[in-house]
Chemist: 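Below is one structure. I have some questions about it.
Order of listing sets the numbers, starting from 1, for every ligand and every atom in it.
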Amino acid sequence: MKVALITGITGQDGSYLAELLLEKGYMVHGIKRRSSLFNTDRIDHLYQDPHDPNQRLKLHYGDLTDSMNLTRIIQETQPDEIYNLGAMSHVKVSFDSPEYVGNVDGLGTLRILEAVRLLGLEKKTRIYQASTSELYGGLPENKNERGFYDETCPFYPRSPYGVAKIYGFWITKNYREAYDMYACNGILFNHESPRRGETFVTRKITRAVAKIALGLQDKIYLGNLEAQRDWGHAKDYVRMMWMILQAEKAQDWVIATGVTTTVRDFVRMAFLEVGIELEFKGEGVDEKAYVTACNNKDYQVEIGKEVLSVDPSYFRPTEVDLLLGDPTKAKEQLGWVPEYDLKGLVKDMMEGDIKLMKRDVDLLKAGHEILKQVE
Ligand code: NAP
Ligand code: F7E
């Protein structure tokens with residue numbers, strides 16, 4: 001049985017990847033951080049009985065800042081594949097905690113590579129490093145001749161997160177070249193899902209739109225509506241992480257959809273999923289969105305209602321204006337065929353959040369009923 005170790009298993013990608021590897025028959029080890037509250041919501045459905053000897057998912061307490069702990073876990077689990085997905089992954093927050101992000105996202109990668117090397121596992125263990133389109137920084141002059149970012153384009157990170165991840169990228173490449181290790185960077189463009197962290201822009205939008213449609217929230221405040229991102233579905237992207245480690249030769253790969261969309265248009269698409277049409281008026285920090293039509297009888301919001309404003313506190317000190325990836329290499333050499341397009345992604349996220357918010361409303365109603373009976 002193949003053995004995989006996933007750092008960041010409790011995150012969006014870690015949870016989908018664990019599901020995929022279990023389906024493929026792997027023994028999956030995951031590293032989770034100690035926390036004062038439960039932090040395994042995204043994988044609880046995979047991990048029902050830790051006492052079952054046939055359980056193929058095992059969690060280990062650990063942290064990417066702790067070399068001894070990582071070395072011990074790798075020694076104990078002897079993985080065939082390591083997926084280093086653990087990271088402080090929020091770009092805006094990285095400006096508040098630049099040293100921490102350097103330690104976890106940058107040096108954390110080195111700790112994994114060095115542990116594998118010191119344990120003499122460099123010929124056994126294949127390593128996937130979660131690199132990112134943030135490395136490009138969105139500089140227009142660095143795109144390829146077709147106007148996309150691919151594996152040949154220069155990097156220019158624009159945040160402490162991007163700078164930490166560039167260390168992770170280069171140290172992975174360096175260990176591959178210096179020690180002949182099978183270590184790859186997946187340069188993944190933004191990928192989202194119903195499991196996306198609530199403070200990333202897509203999930204923030206789909207949660208708010210679901211609440212507005214159900215009458216639970218009045219409006220949403222966002223930052224830069226002009227920013228453009230190449231958004232794919234996390235389920236498609238974790239499949240590529242696995243495929244990257246199955247390739248004959250260790251290399252670096254861009255995974256993207258090749259389509260870019262503004263934050264503003266993502267908002268429009270999310271509202272349209274519940275039949276609500278919007279008009280945007282004003283510019284810059286004064287831009288607002290108003291409801292112009294409600295075509296679904298279940299989601300009726302007052303026509304003319306203001307549902308979006310800009311809050312400059314969400315602006316970043318340095319912004320990545322536009323990301324657009326060219327996945328030709330992965331398509332041609334790995335057979336990359338995503339199942340979801342942007343419309344499918346928005347639909348999946350909106351369905352997830354409508355369901356979630358309705359469940360909250362039902363729980364609230366049930367609570368009121370119980371209170372009434374007690375009174
Ligand atoms: P995520 O949802 O934020 O998950 C990050 C994971 O890392 C969580 O399990 C988190 O644990 C863990 N983690 C954080 N700090 C850690 C530490 N000090 N030690 C050990 N684990 C730690 O991120 P994601 O969207 O799944 O992304 C997965 C990876 O891909 C990340 O490295 C991210 O930077 C990278 N990436 C993401 C995208 C994207 O669009 N999603 C694109 C390119 C690259 P807790 O649950 O305890 O917080
Ligand atoms: O921002 C703009 C914001 O935080 C996207 C991470 O997974 O992908 C992610 O990083 C855009 C930016 O993701 C709000 O300014 C507007 O231009 O969803 P995000 P990100 O920064 O692109 C890359 C590839 C990673 O590697 C990262 O780990 O949306 N934006 N208004 C906003 N963003 C947020 N978060 N909140 C807003 O209110």
Chemist: So is Glu226 touching ligand 2 or not, going by heavy atoms under 4.0 Å?
Modeler: no
Chemist: Compile the protein residues with any heavy atom at a distance under 4.0 Å from an atom of ligand 1; present them by chain, then by number.
Modeler: Gly8, Thr10, Gly11, Gln12, Asp13, Arg33, Asn39, Asp63, Leu64, Leu85, Gly86, Ala87, Ser89, Tyr100, Val104, Ala130, Ser131, Thr132, Tyr161, Lys165, Leu188, Phe189, Asn190, His191, Arg196
Chemist: For Glu306 and Ser309, does a side-chain donor sit closer than 3.5 Å to a side-chain acceptor?
Modeler: yes
Chemist: So which heavy atom in the protein is nearest atom 8 (O) of ligand 2, and how far is it from that ligand atom?
Modeler: Asn190 ND2, 3.0 Å
Chemist: Just to be sure I read this right, does ligand 2 sit under 4.0 Å from the backbone of Val263, its side chain, both, or neither, counting only heavy atoms?
Modeler: side chain
Chemist: Can you tell which of Gly325, Ala87, Ser89 gets a heavy atom nearest to atom 27 (C) of ligand 2?
Modeler: Ser89
Chemist: Contact between Leu222 and Asp311 at the side-chain level, heavy atoms closer than 4.5 Å - yes or no?
Modeler: no
Chemist: Among all protein heavy atoms, pick the one closest to atom 18 (O) of ligand 2 and tell me residue, atom and distance.
Modeler: Val201 N, 2.8 Å
Chemist: For ligand 2, which atoms have a heavy atom of Lys204 less than 4.0 angstrom away?
Modeler: 37 (C), 38 (O)
Chemist: Can you label the angle between the His29 ring and the His60 ring as parallel, tilted or perpendicular, going by 30° and 60°?
Modeler: tilted
Chemist: Which protein non-hydrogen atom lies closest to atom 31 (N) of ligand 2, naming both residue and atom, and how far is it?
Modeler: Gly223 N, 2.8 Å
Chemist: Give the atom numbers and elements of ligand 2 that come within less than 4.0 Å of a heavy atom of Glu319.
Modeler: 3 (C), 12 (C), 15 (O), 17 (O)
Chemist: Enumerate the atoms of ligand 2 whose separation from the nearest heavy atom of Tyr161 is less than 4.0 angstrom.
Modeler: 25 (C), 26 (O), 27 (C), 28 (O)
Chemist: If you count the atoms of ligand 2 from 1 in the order shown, which ones are under 4.0 Å from a heavy atom of Ala227?
Modeler: 17 (O)
Chemist: If you count the atoms of ligand 2 from 1 in the order shown, which ones are under 4.0 Å from a heavy atom of Thr132?
Modeler: 23 (C), 24 (C), 25 (C), 26 (O)
Chemist: From atom 4 (O) of ligand 2, work out which of Glu198, Arg316, Arg229, His191 has a heavy atom at the shortest distance.
Modeler: Arg316
Chemist: Identify, by atom number and element, the atoms of ligand 2 in contact range of Val91, meaning under 4.0 Å from any of its heavy atoms.
Modeler: 10 (O), 21 (O)
Chemist: Could you tell me whether the side chains of Gln228 and Thr261 share a donor-acceptor contact shorter than 3.5 Å?
Modeler: no
Chemist: Record the part of Arg196 in heavy-atom contact with ligand 2 below 4.0 Å; permitted values are side chain, backbone, both and neither.
Modeler: side chain
Chemist: Does Lys92 come within less than 4.0 Å of ligand 2, judged by its heavy atoms?
Modeler: no
Chemist: Side chains of residues 339-346: which donor-acceptor pairs under 3.5 Å do they make with residues two or more places apart or in other chains?
Modeler:
from	atom 1	to	atom 2	distance (Å)
Asp341	OD1	Lys343	N	3.3
Asp341	OD1	Gly344	N	2.8
Lys343	NZ	Glu273	OE2	3.3

Chemist: Quick one: are Cys184 and Ile244 in side-chain contact, heavy atoms under 4.5 Å?
Modeler: yes
Chemist: For residues Phe280 and Tyr290, establish whether the separation of their ring centroids is below 6.0 Å.
Modeler: no
Chemist: Centre of Tyr16's six-membered ring, under 6.0 Å away, within 45 degrees of the axis: is that where NZ or CZ of Arg195 sits?
Modeler: yes
Chemist: Could you tell me if Asp230 and Thr257 have a donor-acceptor pair between their side chains, going purely by distance under 3.5 Å?
Modeler: yes
Chemist: Without hydrogens or angle criteria, can the side chains of Asn224 and Arg264 be said to hold a donor-acceptor pair below 3.5 Å?
Modeler: no
Chemist: Among Arg207, Glu192, His191, which residue meets the side-chain hydrogen bond (donor to acceptor under 3.5 Å, both in side chains) test with Thr202?
Modeler: Glu192
Chemist: Centroid separation under 6.0 Å, is that true for the rings of Tyr161 and His90?
Modeler: no
Chemist: Take Tyr221 and Tyr314, measure what ring pair (Phe, Tyr, Trp, His ring centres under 6.0 Å) needs, and give me the verdict at the end.
Modeler: CA-CA 9 Å; Tyr221 291 89; Tyr314 296 116; 8.0 Å; no
Chemist: Out of all atoms in ligand 2, which are within 4.0 Å of some heavy atom of Tyr314? Include the element for each.
Modeler: 38 (O)
Chemist: Could you note down all residue pairs passing side-chain hydrogen bond (donor to acceptor under 3.5 Å, both in side chains) where residues 118-135 supplies at least one of them, sequence neighbours left out?
Modeler: Asp80-Lys124, Asn84-Gln129, Thr109-Gln129, Ser131-Asn185
Chemist: Among all the protein's non-hydrogen atoms, which is closest to atom 36 (N) of ligand 2, and how far away is it?
Modeler: Thr199 O, 4.0 Å
Chemist: Return all side-chain donor-acceptor pairs below 3.5 angstrom for residues 331-338, not counting sequence neighbours, or 'none' if the list is empty.
Modeler:
from	atom 1	to	atom 2	distance (Å)
Trp336	NE1	Ala256	O	3.1

Chemist: Counting each atom of ligand 2 from 1 as listed, which ones have a heavy atom of Ser133 under 4.0 Å away?
Modeler: 24 (C)
